[in-house]
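For reference, the structure discussed in these notes is given below.
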2 protein chains.
Amino acid sequence: MSDAAPEPHWLTEDEMRAWCAWRRIFPLVNAEIARDLGKDSGLSEADYDVLSMLSQCPGRRRRISGLAEHLLWSRSRLSHQLTRMEQRGLVRREEVVADGRGAEVVLTEAGLGTIGAAAPAHLESVRRHLFDLLTPAQLEALIQLGDTITARRADAPPCG
Amino acid sequence: MSDAAPEPHWLTEDEMRAWCAWRRIFPLVNAEIARDLGKDSGLSEADYDVLSMLSQCPGRRRRISGLAEHLLWSRSRLSHQLTRMEQRGLVRREEVVADGRGAEVVLTEAGLGTIGAAAPAHLESVRRHLFDLLTPAQLEALIQLGDTITARRADAPPCG
DNA sequence: ACCATGTAGATGACATGTCATCCACGTGAC
DNA sequence: GTCACGTGGATGACATGTCATCTACATGGT
């Protein structure tokens, strides 16, 4: 048969390089930061995200599904994660009176202490593996990339 | 005690925004692309990466640890991945005569057909979820970010 | 030849994420 | 009231990744 398949719309040279950058740099940098975090504080990035979010919430508590949305996680993922963190005493679940279905997560004292102790080294690690490498223009470019890509999503939650 | 802990070196406003962008956009875009890929072709991104690499190798075969390095994967991860892919008939392992320890992966005919069938839709998906959103300047910025961040790594393998 | 050490790869236990499903409760039409 | 349906959350089965470990072979010093 005369292979009528249309030639796929290949990537340009630049797009190919950008694609490779995209696929490489995030896992690379994140793996380094995650390794530091685990070594310094015994926390995973997921742990840190949850603790960090909660520590900034009024009352250091939040509705579970609100937290999931904010983190862009599935409810299932968060539920599993909270179960593990609860077993380590970092957070606690509490029922909510207003809505018999709902529940909140609360940061425990231990959890608060943990995130407080972990933050400085983590910040330093983020600087060392990412921001120290970037020029101000590149920092700005990264922000713009973020804005552009999240712009489609009407409900993109704020930073946190 | 008089809390002599030095105030951690917090992120600036811009750095915070850049950090949020960093943490959000990659998982976000990749999840979309991965979902498309799975739906269109029944492949995971890991599957696609391996098939894509192999299809570009001379003889469509490669030493396993060379492939792992190139993908920036651990040998263990690749070994598990190849086991699964071998069970699906996408690749085949072969012993290597020159080195009794080593082994090669070979892309099977089925694997070649699979990657060929998957590529067009995948390319289209990558365009739709990423490149169509970016201006030429942003594309360039992404390339530069990649160069900057991988520059430290002397042995950063080429694109692929 | 012999032994210590290094490299290639496989493997098993375990951590984490996904999906489908389940249960309990809320909400609105009737 | 009650019945259908939506929502919040938990859970179990399963896919994938990590680390530690194991085997087999290679290599270099003696």
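Any value given below was found using the heavy atoms of this structure, including those in side chains, with hydrogens, waters and symmetry copies removed. Naming convention: chains lettered A, B, ... in sequence-line order (proteins, then strands); numbering from 1 in each chain.
In this structure, CG of B/L78 is placed 15 Å from P of D/dC19, rounded to the nearest angstrom. Residue A/L82 contributes atom CG, which lies 14 Å from atom C1' of C/dT16 at whole-angstrom precision. Put simply, CZ on B/R63 is 9 Å from C1' on C/dG9, counting in whole angstrom units. In this structure, CG of A/L67 is placed 12 Å from P of D/dA10, rounded to the nearest angstrom. Rounded to an integer number of Å, the gap from A/E104 CD to D/dG8 P is 14 Å. Remark: P of D/dA10 and CD of A/Q87 are 13 Å apart, rounded to the nearest angstrom. One atom, CD of A/E45, and another, C1' of C/dG17, lie 15 Å apart when rounded to the nearest Å. We find that CD of A/E86 is positioned 9 Å from P of D/dA10, with the value rounded to whole Å.
For D/dG12, its base sits under 3.5 Å from the side chain of A/H80 at one donor and acceptor pair at least.
Nearest-nucleotide positions on DNA chain C for A/R84 and A/D99 put A/R84 closer to the 5' end. Map B/R101 and A/S76 each onto its nearest nucleotide of DNA chain C; the residue landing nearer the 5' end is B/R101.
Distance from the side chain of B/A103 is smallest to C/dG9 among C/dG9, D/dG8, C/dT18. Listed nucleotides: D/dC19, C/dG17, C/dC19. Nearest to the side chain of B/R35: C/dC19. Here D/dG17 is the nucleotide among D/dG8, D/dG17, C/dT18 with the atom lying nearest to any side-chain atom of B/R77.
In this structure, A/Q81 reaches the C/dG17 phosphate: one of its side-chain N or O atoms is under 4.0 Å from OP1 or OP2. When the side-chain nitrogen and oxygen atoms of A/S65 are compared with OP1 and OP2 of D/dG9, one or more of them lie within a distance under 4.0 Å.
Salt bridge present: B/R60 and B/E109 bring a charged side-chain N and a carboxylate O closer than 4.0 Å.
For B/D147 (side chain) and B/Q144 (main-chain N/O), no donor-acceptor pair under 3.5 Å exists by modelled atom type.
Residues B/R127 and A/W10 share a closest heavy-atom pair of NH2-O, 2.6 Å.
Counting non-hydrogen atoms under 4.0 angstrom, A/S74 reaches the backbone sugars and phosphates but no base.
Taken from CD in B/E104 to CG in B/L54, the straight-line distance is 10.0 Å, to the nearest 0.5 Å. To the nearest 0.5 Å, atom CG of residue A/L90 and atom CD1 of residue A/I115 are 9.5 Å apart.
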